[in-house]
Amino acid sequence: MNLFNELKIRGLVQDHTDQTEMVSALRKGAVSLYCGFDPTADSLHIGNLVPITGLMRFQSAGHRPIALIGGGTGMIGDPSGKSEERNLLSAEILEHNLKGIRAQFERFLDFDAGSNSALMMNNADWLNEVRLIDFFRDVGKHFSIGYMMAKESVKSRIADAGISYTEFSYMALQAYDFLHLFEKENCAMQIGGSDQWGNITAGIELIRRIHGKPALGMTFPLITTSDGRKFGKTEEGNIWLDPKRTSPYRFSQYWIQTDDRDVGRFLRYFTFLPLEEIDEIEKEHLESPEKRAGQRRLSQELTTFVHGAAAARSAERAARILFGAQLDDIEENDLLSLAEEIPRTRKSGAPPYPLIDLLVETGLCKSKSLARKDLKGGGIYANNYPVSAETSTLSANDTLFGQYILLRKGKKNYHLLEFER
């Protein structure tokens, strides 16, 4: 099966230039292609996973991927998919963001693969050197106002909040990126999200006008969830790829919460599992959705992909802790991962401490009398073991890794105590 057909079967093709021409070009030999990434933060997020894995799929098929970081265009702001003008980023913030994004790409693309080694480039390297008059003369003359006004990204903004000349010029700048890469890197294809189709076709048209040669373009669909939620968003905000922004535990739990209707679709979009295996996983999942086997496999695959196998195993163990599992096989990292998700109290003095005092201090119980009542009723746990004696004292022997005690009231109210060693 050729790559383009596999992408279509996975549901990853939205818009594209002539299919026959594209399939022929991809079969003839290695094609250099690029995808742009906006440096609005110092980390990528799961909304970037489709284009990231898209570049990876092309590289696995023998083509040369270019990850283009918009250090130049990021100072302008892409109006595509936006209802209002972006805040312009300073040069210092952009440089900070670029460093974070570069480090992440090194985990996903192979930069030492011979003739199809990946490239990471920053369009500020050429856009910052362009003279305004030269740009108007050599590039701007190829874009009519009518052509630019017809693009959906421009039309929607004019109809809503309006658009500045700065953002109106973004299309021409991105088209120039494609032209530059076509000339300097023999890059004949651009991929991106569906909101980039207007910008991609503008670059293809610019190459045709200047060089009289064809170029290729393809977009991925906008990812949405079946229950109407915006993909990649939670009440806390984006699901980031940086573990400092989104812990591996929270990352894995995002996929565990996937709607049953989205499991097969997301496995096809985001994983490299063979299509036949995904069909089997989806069949098993639909037969017994209550087992959530599909969600667990999706979570395992993607947490391993982004954070590594050790972090994925730790996230799974942390999840079991919150479901009341015994703590015999956990590691300290599991508790530290969990500490990001539950209340935590650090105590300067070492145990022993009366359990009733700790229950009140942590807020698990509002008073000592209520703590006694909860103990008597069997609703208090220390390290997931039930404790019922009102006179119970937690000593150093009760600590995990000589430093922690996990308290629980009922099924879901947790609090982690951390003692100085």
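Only a predicted model underlies this, so the values are computations on that prediction, with no experimental measurement involved.
Here the closest non-hydrogen pair linking Pro351 and Thr399 is CG-CG2, 4.0 Å. Pro65 approaches Leu109 most closely through the heavy-atom pair CG-CD2, 4.3 Å. The two residues Ala389 and Leu375 have their closest heavy-atom pair at O-CD1, 4.0 Å. Smallest separation of non-hydrogen atoms from Thr258 and Gln295: O-NE2, 2.9 Å. Closest non-hydrogen pair, Asp334 versus Ala318, comes out as O-CB, 4.0 Å. Shown here for Ala215 and Ile207, the closest heavy-atom pair between the two residues is CB-CD1, 4.0 Å.
Here Arg208 pairs with Glu205 in a salt bridge; the nearest charged N to carboxylate O distance falls below 4.0 Å. With respect to the salt-bridge test (charged N to carboxylate O, under 4.0 angstrom), the residues Asp279 and Arg268 qualify. Using a 4.0 Å cut-off between charged side-chain N and carboxylate O, Glu316 and Arg296 make no salt bridge. For Asp259 and Arg261, the salt-bridge test passes: some basic side-chain N is under 4.0 Å from an acidic carboxylate O.
The side chain to side chain donor-acceptor pair (under 3.5 Å) analysis of residues 297-310, with sequence neighbours excluded, yields the pairs Glu277-Arg297, Arg297-Glu301. Note on residues 5-45: pairs passing ring-ring contact (aromatic ring centres under 6.0 Å, His included), not counting sequence neighbours, are Phe4-His16, Tyr34-Phe178, Phe37-Phe105, His45-Trp240. Residue pairs meeting the salt bridge (Lys or Arg N to Asp or Glu O under 4.0 Å) criterion with at least one partner in residues 50-59, sequence neighbours excluded, do not occur; the list is empty. Listed by first then second residue, pairs satisfying salt bridge (Lys or Arg N to Asp or Glu O under 4.0 Å) with a partner in residues 323-332 read Arg317-Glu331, Arg320-Asp329, Glu332-Arg421, not counting sequence neighbours. Applying the salt bridge (Lys or Arg N to Asp or Glu O under 4.0 Å) definition to pairs two or more places apart or across chains, those involving residues 396-417 are Asp374-Lys409. Every pair passing ring-ring contact (aromatic ring centres under 6.0 Å, His included) that includes a residue from residues 380-421 is listed here, sequence neighbours excluded: Tyr353-Phe419. Applying the salt bridge (Lys or Arg N to Asp or Glu O under 4.0 Å) definition to pairs two or more places apart or across chains, those involving residues 2-16 are Glu6-Arg10.
Every residue two or more places apart in sequence or in another chain that forms a side-chain contact (heavy atoms from CB on, under 4.5 Å) with Ser288 is listed here: Glu290, Lys291. When the side-chain contact (heavy atoms from CB on, under 4.5 Å) test is applied to Pro214, the partners found at least two apart in sequence or on another chain are Glu21. In this structure Tyr254 satisfies the ring pair (Phe, Tyr, Trp, His ring centres under 6.0 Å) test with no other residue, sequence neighbours excluded. A search for side-chain contact (heavy atoms from CB on, under 4.5 Å) contacts involving Asp42 returns His96, Asn97, Arg245, not counting sequence neighbours.
At least one side-chain heavy atom of Leu322 sits under 4.5 Å from a side-chain heavy atom of Tyr249. For the pair Leu338 and Leu416, the minimum side-chain heavy-atom distance is 4.5 Å or more. Put simply, the side chain of Ile46 reaches to within 4.5 Å of the side chain of Phe251, judged on heavy atoms.
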Residues Gln174, Gln196; criterion side-chain hydrogen bond (donor to acceptor under 3.5 Å, both in side chains); working and verdict: CA-CA 10 Å; Gln174 184 165 317; Gln196 295 299 309; 3.2 Å; yes
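The closest donor-acceptor contact from the side chain of Ser337 to the backbone of Asn333 lies at 3.5 Å or more, if one exists at all. Of the possible polar contacts, none joining the Ser388 side chain to the Gly378 backbone as a donor-acceptor pair under 3.5 Å is found.
No side-chain N or O of Asp262 forms a donor-acceptor pair with one of Thr225 less than 3.5 Å apart. Checking Glu341 against Ser247 by side-chain atom types alone, a donor-acceptor pair falls below 3.5 Å.
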Enumerate, atom names and distances included, each donor-acceptor pair closer than 3.5 Å involving a side-chain atom of residues 23-32, sequence neighbours excluded.
| residue | atom | partner | partner atom | Å |
| --- | --- | --- | --- | --- |
| Ser32 | OG | Arg64 | NE | 2.9 |
| Ser32 | OG | Arg64 | NH2 | 3.1 |

